[in-house]
Amino acid sequence: MKLTGIEFRRVRMPLVAPFRTSFATETTKEVLLLRVVTDEGEGWGECVAMAEPRYSSEYLDGCADVLRRFFLPALAGRDVTAAGVAPVLEPFRGHRMGKAALEMAVLDAELRARGVSLAANLGADRERVPCGVSVGIMDSIPELLDAVDGYLDTGYQRIKLKIQPGWDVEPVRAVRERFGDDVLLQVDANTAYTLADTRQLAKLDAFGLLLVEQPLDEEDVLGHAELARHLETPICLDESITSARAAAAAIAMGACRIVNIKPGRVGGYLEAKRVHDVCAAHGVAVWCGGMLETGLGRAANLAIAALPGCTLPGDTSASDRYFRTDITAPFVLQGGFLPVPATPGIGVEPLPDALAEFTTGTEFVSL
Ligand code: OSB
Ligand code: MG
C-alpha cells in the first residue's frame, strides 16, 4: 500500500461533565485525528495524547510535530503495511501515542481494503463486551454517590473511582455502604502516591476492591512490587506499561497482578495485542483502558476489549458518558454491554456533520 497523503484534523468536543483526576480536570476533549489516503483507500486514526503533558510526557501539538517532521517523511514513498509501520518508526525514540495514531490509520485502511474487521484481525472472540465506567474526583461524597447511582442505573457493570491523597478511603467506603459489596469496584490513583502512603493504601483492603490502578510513579515499577507485599488488593499498572517488554518485566518483578491495556500508550493496537498475549501467557488478567476517545478510538478499543484475555470489564463506556454528540454513530450501552464492531477496519467512520461541527482546524500533507 502506498500512502499518498494524510489529513491532520484538530477536533474539540465538550465533555458532558468535567472529568477530574489526580493530574488534571478536563472539561473538553481535544483530539488529533489522522486520515490517511492510500492507493487502496482511506483509514482513520485517533491520537489519544491530551492537550497538556500531565498523564504522560506526550501532548497533542508535540505529536503533530513529530508526525509531520519525522514519521511521515520516514514512510513517504515506501510500500507500507500496518505491521511495517512500527519497524520503520523504530529508530525514533518514544512518542508512542503519535506512532499509535499513524499505525491505527494505516491498519484501518489496510483492513478495509482486505474486508477484515480489526476485532477478527486481532483474534477477538466476542461480539459484545461488558463495560465499566471511570468516575472522576468530585467536590463532595453526595455528588459522587449521585454520579455512581446514575451509572449503575444505566447498566455499567463495574465502577472505577479516581482517587488521590485526601479522596480515597472515604469515597470508597461511602460507595460500598450505599451500593453494597456486590458492585464490582476498583480505584485509579494515576501515580498520586508514594511508598510512604503504604499504610493509607492498605486501608483500601477492607473494601474488597478488584484492583488499585497505578498508585505510584510511572517509573517506580520496583516500588509497586514492594507495595504489593503490603496490600491484599491486586495492583494493576497503567502508566508504567509502555510495551509488551515492560509488561513482561513488571510481571516478573511482581509489580502487578493485572494490566490496563491502552493501545495509544504502548505504541499501537498491534503492540497492545502483544501486551495481551504476554499477560495471558503469565496468567495476568487484562482489561482495556480508555483515554476519553471519540467513537473512532472507542470502536478500535472494543476490538481489544473482546480479546480472550480481557477478563475484566474495561473503561469502554458509551458515547453519552463522554459527549452529548459523538463524531461517529453513538455507542449505546445495551444491558451493560457494547457491541464490538464487526465491519471492515475499525468498523466506524466519522459522521461528516458532527465532524465538521467540532473541527477547529485541518491540514493536508501530500506525500
Ligand atoms: O488513567 O485510565 C486513566 C482518562 C484519561 C487519562 C487517563 C485515564 C482516563 C480514565 C478514563 O480513567 C477512561 C475512559 O473512560 O476513557
Ligand atoms: Mg489509569
Side-chain angles (χ1 to χ4, degrees), residues 13 15-31 46-60 96-97 100 129-138 147-148 151 154 156-164 167-168 185-193 209-218 224 234-242 247 250 256 258-266 272 275 286-302 304-305 312-323 326 330-331 333 338:
M13 299 162 75
L15 293 172
V16 289
F19 182 61
R20 180 166 156 206
T21 61
S22 61
F23 64 85
T25 302
E26 306 289 321
T27 55
T28 53
K29 170 67 180 169
E30 303 261 357
V31 197
E46 174 169 343
C47 183
V48 299
M50 304 181 108
E52 298 184 6
R54 295 179 185 273
Y55 164 79
S56 73
S57 63
E58 290 185 83
Y59 63 102
L60 283 178
R96 291 181 171 87
M97 292 177 180
V129 293
C131 297
V133 60
S134 177
V135 187
I137 294 165
M138 308 262 166
V148 171
Y151 289 132
T154 307
Y156 285 104
Q157 300 196 38
R158 177 277 272 154
I159 300 290
K160 160 168 140 182
L161 302 182
K162 291 292 191 176
I163 60 166
Q164 65 182 15
W167 182 266
D168 44 34
L185 187 63
Q186 62 193 53
V187 294
D188 185 0
N190 288 111
T191 78
Y193 294 84
L209 302 179
L210 285 172
L211 58 91
V212 52
E213 184 175 342
Q214 198 72 39
L216 310 178
D217 189 77
E218 173 180 340
H224 284 95
I235 291 176
C236 169
L237 291 178
D238 171 354
E239 285 88 333
S240 296
I241 304 300
T242 52
C256 60
I258 300 172
V259 165
N260 166 334
I261 299 182
K262 285 184 186 167
R265 197 192 59 224
V266 303
V275 173
V286 297
W287 53 281
C288 185
M291 292 291 290
L292 313 177
E293 287 90 345
T294 75
L296 293 172
R298 187 161 324 285
N301 284 352
L302 287 165
I304 291 289
L312 292 166
D315 283 344
T316 45
S317 307
S319 292
D320 68 0
R321 180 259 172 266
Y322 309 99
F323 316 112
D326 206 335
F331 282 95
L333 205 66
L338 282 184

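All values derive from a computational prediction rather than experimental measurement. Ligands are counted one by one from 1 in listed order, and the atoms in each one are counted from 1 as well.
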Student: Any side-chain heavy-atom pair from L210 and R158 closer than 4.5 angstrom?
Tutor: yes
Student: Partners of E213 by salt bridge (charged side-chain N to carboxylate O under 4.0 Å, His left out), sequence neighbours excluded?
Tutor: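 Applying salt bridge (charged side-chain N to carboxylate O under 4.0 Å, His left out) to E213 gives K160.
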Student: Using a strict threshold of under 4.0 Å (side-chain N to carboxylate O), is an ion pair present between K262 and D315?
Tutor: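 Not counted as a salt bridge, because no side-chain N and carboxylate O are separated by less than 4.0 Å.
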Student: Between the main-chain N or O of M13 and the side-chain N or O of T28, is there a donor-acceptor pair closer than 3.5 Å?
Tutor: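 Absent.
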Student: Knowing that exactly one of K162, E218, Q164 qualifies, which makes a side-chain hydrogen bond (donor to acceptor under 3.5 Å, both in side chains) with N190?
Tutor: K162
Student: Given side chains that start at C-beta, do those of Y322 and K29 come closer than 4.5 Å, heavy atoms only?
Tutor: no
Student: Does the ring of F19 carry R321 above it, NZ/CZ under 6.0 angstrom from centre and within 45° of its axis?
Tutor: yes
Student: Can you count the protein N/O/S atoms lying under 2.8 Å from the Mg ion (ligand 2), leaving waters out?
Tutor: 3
Student: If you look at each N/O of ligand 1, which protein N/O atoms lie under 3.5 Å away, and at what distance?
Tutor:
{"unit_1": "ligand 1", "atom_1": "1 (O)", "unit_2": "K162", "atom_2": "NZ", "d": "3.0"}
{"unit_1": "ligand 1", "atom_1": "1 (O)", "unit_2": "D188", "atom_2": "OD2", "d": "3.0"}
{"unit_1": "ligand 1", "atom_1": "1 (O)", "unit_2": "N190", "atom_2": "ND2", "d": "2.7"}
{"unit_1": "ligand 1", "atom_1": "1 (O)", "unit_2": "D238", "atom_2": "OD2", "d": "3.1"}
{"unit_1": "ligand 1", "atom_1": "1 (O)", "unit_2": "K262", "atom_2": "NZ", "d": "3.4"}
{"unit_1": "ligand 1", "atom_1": "2 (O)", "unit_2": "K160", "atom_2": "NZ", "d": "3.0"}
{"unit_1": "ligand 1", "atom_1": "2 (O)", "unit_2": "D188", "atom_2": "OD2", "d": "3.4"}
{"unit_1": "ligand 1", "atom_1": "2 (O)", "unit_2": "D238", "atom_2": "OD2", "d": "3.4"}
{"unit_1": "ligand 1", "atom_1": "2 (O)", "unit_2": "K262", "atom_2": "NZ", "d": "3.0"}
{"unit_1": "ligand 1", "atom_1": "12 (O)", "unit_2": "S134", "atom_2": "OG", "d": "2.9"}
{"unit_1": "ligand 1", "atom_1": "12 (O)", "unit_2": "K160", "atom_2": "NZ", "d": "3.3"}
{"unit_1": "ligand 1", "atom_1": "12 (O)", "unit_2": "K162", "atom_2": "NZ", "d": "2.9"}
{"unit_1": "ligand 1", "atom_1": "15 (O)", "unit_2": "Y322", "atom_2": "OH", "d": "2.6"}
{"unit_1": "ligand 1", "atom_1": "16 (O)", "unit_2": "M291", "atom_2": "N", "d": "3.3"}
{"unit_1": "ligand 1", "atom_1": "16 (O)", "unit_2": "L292", "atom_2": "N", "d": "2.8"}
{"unit_1": "ligand 1", "atom_1": "16 (O)", "unit_2": "Y322", "atom_2": "OH", "d": "3.4"}

Student: Please enumerate all residues that pass salt bridge (charged side-chain N to carboxylate O under 4.0 Å, His left out) together with E30, with sequence neighbours excluded.
Tutor: R12
Student: Among T21, D168, I137, find the residue that satisfies the side-chain contact (heavy atoms from CB on, under 4.5 Å) test when tested with I163.
Tutor: D168
